[in-house]
Amino acid sequence: VQLQASGGGLVQPGGSLRLSCTASGSIWSLNDMGWYRQAPGKQRELVAAITRSGTTNYADSVKGRFTISRDNTGNTVYLQMNSLKPEDTAVYYCNADLRLLYGDGKLVTYWGRGTQVTVSS
């Protein structure tokens with residue numbers, strides 16, 4: 001199983017970016033998917049999460065600016081980031097709770113490798 005994230009980059013304050021993360025491999029089912037971020041010298045923190053049915057949860061710092069969504073057919077989760085601020089600068093990681101095609105039925109958490117988002121003028 002792999003989670004491949006893309007869409008990071010350098011953007012000016014007030015700008016927008018859209019992150020994507022696609023899960024591939026021997027997946028039986030995808031449950032919750034989410035985005036986390038880790039800034040230099042700080043702990044990794046939850047940015048946003050979404051259940052399979054579409055219920056979302058956001059960190060207070062991004063509410064009203066970021067939107068998480070998913071495409072269950074394509075096993076993809078998105079993070080639309082608007083009104084970006086310098087404090088949003090971090091490596092963004094996607095994760096997914098899933099059941100393996102040939103597993104024991106238990107949920108397992110997988111992480112993507114991360115994509116850098118830099119907000120700077």
Side-chain angles (χ1 to χ4, degrees):
V1 174
Q2 286 189 329
L3 269 64
Q4 183 67 46
S6 62
L10 173 64
V11 63
Q12 292 186 342
S16 298
L17 282 174
R18 189 190 195 209
L19 305 182
S20 300
C21 177
T22 299
S24 62
S26 300
I27 299 169
W28 174 253
S29 66
L30 273 175
N31 281 47
D32 296 355
M33 301 184 78
W35 291 94
Y36 287 70
R37 66 186 181 188
Q38 188 167 17
K42 294 188 176 182
Q43 289 188 333
R44 191 174 297 189
E45 63 175 359
L46 174 69
V47 176
I50 185 167
T51 66
R52 183 169 182 82
S53 61
T55 300
T56 58
N57 179 41
Y58 296 93
D60 288 343
S61 59
V62 307
K63 283 181 181 177
R65 299 188 297 122
F66 291 10
T67 302
I68 189 170
S69 61
R70 65 188 286 172
D71 170 9
N72 288 330
T73 301
N75 289 349
T76 300
V77 63
Y78 305 96
L79 186 67
Q80 178 67 43
M81 304 185 293
N82 299 328
S83 303
L84 282 160
K85 304 176 181 180
E87 51 263 44
D88 294 318
T89 295
V91 178
Y92 283 69
Y93 299 89
C94 62
N95 82 340
D97 294 332
L98 56 90
R99 290 183 173 85
L100 296 172
L101 188 59
Y102 302 110
D104 59 5
K106 294 181 180 179
L107 281 174
V108 182
T109 299
Y110 280 82
W111 289 87
R113 293 183 62 182
T115 183
Q116 177 71 45
V117 172
T118 302
V119 185
S120 175
S121 55

Please check if [X] and [Y] belong to a single hydrophobic cluster, counting links between Ile, Leu, Val, Met, Phe, Trp and Tyr side chain heavy atoms closer than 4.5 Å.
| X | Y | answer |
| --- | --- | --- |
| Y58 | L19 | yes |
| V108 | L3 | yes |
| Y36 | L17 | no |

Problem - Stepwise side chain to side chain contact (heavy atoms under 4.5 Å, CB included) test for L84 and F66 - result: CA-CA 9 Å; L84 282 160; F66 291 10; 3.7 Å; yes
Practice task
State whether the number of non-hydrogen atoms from other residues, nucleotides or ligands found under 6.0 Å of Q43 atom CD is greater than 12.
Solution key: no
Handout entry: More than 12 heavy atoms from other groups under 6.0 Å of CD on Q4
Key = no
Can you name the nearest heavy-atom pair linking [X] to [Y], along with the distance?
| X | Y | answer |
| --- | --- | --- |
| S16 | N82 | OG-OD1, 2.9 Å |
| S20 | W35 | O-CH2, 3.6 Å |
| L79 | A48 | CD1-CB, 4.2 Å |
| N31 | S29 | OD1-OG, 3.8 Å |
| A59 | L46 | CB-O, 3.4 Å |
| A96 | L30 | CB-CD2, 3.8 Å |

Without placing hydrogens or testing angles, list every side-chain donor-acceptor pair under 3.5 Å for residues 112-121, not counting sequence neighbours.
unit_1, atom_1, unit_2, atom_2, d
T115, OG1, G8, N, 3.2
Q116, NE2, A90, O, 3.4
Q116, NE2, T118, OG1, 3.3

Completion exercise
Quick note, salt bridge (charged side-chain N to carboxylate O under 4.0 Å, His left out) partners involving residues 90-112, not counting sequence neighbours, are none
Fill in the blank from the handout: Result for side-chain contact (heavy atoms from CB on, under 4.5 Å) between M33 and one of T76, V77, I68, N72 points to V77
Between [atom1] on residue [X] and [atom2] on residue [Y], distance to nearest 0.5 Å:
| X | Y | atom1 | atom2 | result |
| --- | --- | --- | --- | --- |
| M81 | T67 | CE | OG1 | 11.0 Å |
| T56 | K63 | OG1 | NZ | 9.5 Å |
| N57 | I50 | CG | CD1 | 11.0 Å |

Handout entry: Any side-chain donor near an acceptor of the partner, N75 and T22, under 3.5 Å
Key = no
Problem - Polar side-chain atom of N95 near backbone of T109 as donor-acceptor pair, under 3.5 Å - result: no
Handout entry: D71 backbone acceptor or donor facing Y78 side chain under 3.5 Å
Key = no
Practice task
Evaluate the ring planes of Y93 and W111, with Trp represented by its six-membered ring, and classify them as parallel (under 30°), tilted (30 to 60°) or perpendicular (over 60°).
Solution key: perpendicular
Exercise for the section: Before giving the answer on side chain to side chain contact (heavy atoms under 4.5 Å, CB included), spell out for D88 and R37 the whole-Å C-alpha distance, their side-chain angles and the decisive distance to 0.1 Å. Expected result: CA-CA 9 Å; D88 294 318; R37 66 186 181 188; 2.9 Å; yes
Practice task
Would you check if S26 and L100 make a side-chain contact, meaning some heavy-atom pair closer than 4.5 Å?
Solution key: no
